[in-house]
Amino acid sequence: MNGSTLTIEDVQRVADDFARVEIAEEAWQGLDRSGKFVLSQSSSDVPIYGFNRGVGWNKDRVVVRHSFFGSGSKPDWRYPCRI
């Protein structure tokens with residue numbers, strides 16, 4: 001997967017046949033850039049649904065910012081993809 005060529009047939013192969021999925025390095029790099037942007041915005045107290053604000057009925061509530069920092073000092077933006 002590279003973020004731009006996924007087809008319905010690809011999704012069907014994964015869902016029906018458990019096809020192996022590999023994420024292209026450029027997709028990981030894009031995810032890293034996006035994650036850094038979201039973190040920079042939340043640090044400026046920009047409300048971000050589901051990140052520093054709740055979801056659903058709690059969409060207007062400030063929530064404790066989730067830390068993407070694991071045991072290292074570099075954020076792991078891949079974590080949400082593993083859920």
Side-chain angles (χ1 to χ4, degrees):
M1 294 177 59
N2 61 19
S4 61
T5 61
L6 184 66
T7 66
I8 291 173
E9 292 78 17
D10 293 334
V11 173
Q12 188 169 10
R13 276 193 297 279
V14 171
D16 295 344
D17 304 327
F18 302 100
R20 182 177 169 85
V21 175
E22 292 187 30
I23 310 297
E25 184 57 37
E26 62 266 19
W28 285 125
Q29 291 169 0
L31 183 62
D32 188 52
R33 284 191 305 274
S34 298
K36 287 177 182 174
F37 175 76
V38 169
L39 187 58
S40 73
Q41 295 303 296
S42 71
S43 296
S44 302
D45 204 32
V46 172
I48 302 170
Y49 182 81
F51 189 80
N52 62 3
R53 299 298 184 269
V55 297
W57 290 102
N58 294 314
K59 66 180 176 30
D60 298 319
R61 288 187 164 201
V62 174
V63 296
V64 175
R65 185 173 63 194
H66 184 280
S67 175
F68 287 99
F69 294 90
S71 57
S73 61
K74 187 174 180 186
D76 184 359
W77 304 114
R78 301 175 192 199
Y79 173 75
C81 297
R82 295 183 197 143
I83 296 174

Specify the closest pair of heavy atoms between [X] and [Y], including all atoms of both residues, with the distance to one decimal.
X: Val38; Y: Ile48; answer: O-CD1, 3.5 Å
X: Arg53; Y: Pro47; answer: NE-CB, 3.6 Å
X: Val14; Y: Val21; answer: CG2-CG2, 3.4 Å

#### Entry: Partner residues of Ser40 under the side chain to side chain donor-acceptor pair (under 3.5 Å) criterion, sequence neighbours left out
none
### Task
Using side chain to side chain donor-acceptor pair (under 3.5 Å) as the criterion, list what pairs up with Asp16, not counting sequence neighbours.
Gln12
#### Entry: Test side chain to side chain contact (heavy atoms under 4.5 Å, CB included) applied to Glu9 - qualifying residues, sequence neighbours left out
Thr7, Arg13
### Query
Sequence neighbours excluded, which residues qualify as side chain to side chain contact (heavy atoms under 4.5 Å, CB included) partners of Val11?
Leu6
### Task
May I ask whether Tyr49 and Leu39 are part of the same hydrophobic cluster, defined by side-chain heavy atoms of I, L, V, M, F, W, Y residues being less than 4.5 angstrom apart, directly or through others?
no
### Query
Ignoring hydrogens and geometry, is there a side-chain-to-backbone donor-acceptor pair from Asn2 to Ser4 under 3.5 Å?
yes
Side-chain donor-acceptor distances from residues 54-62 under 3.5 Å, at least two apart:
none

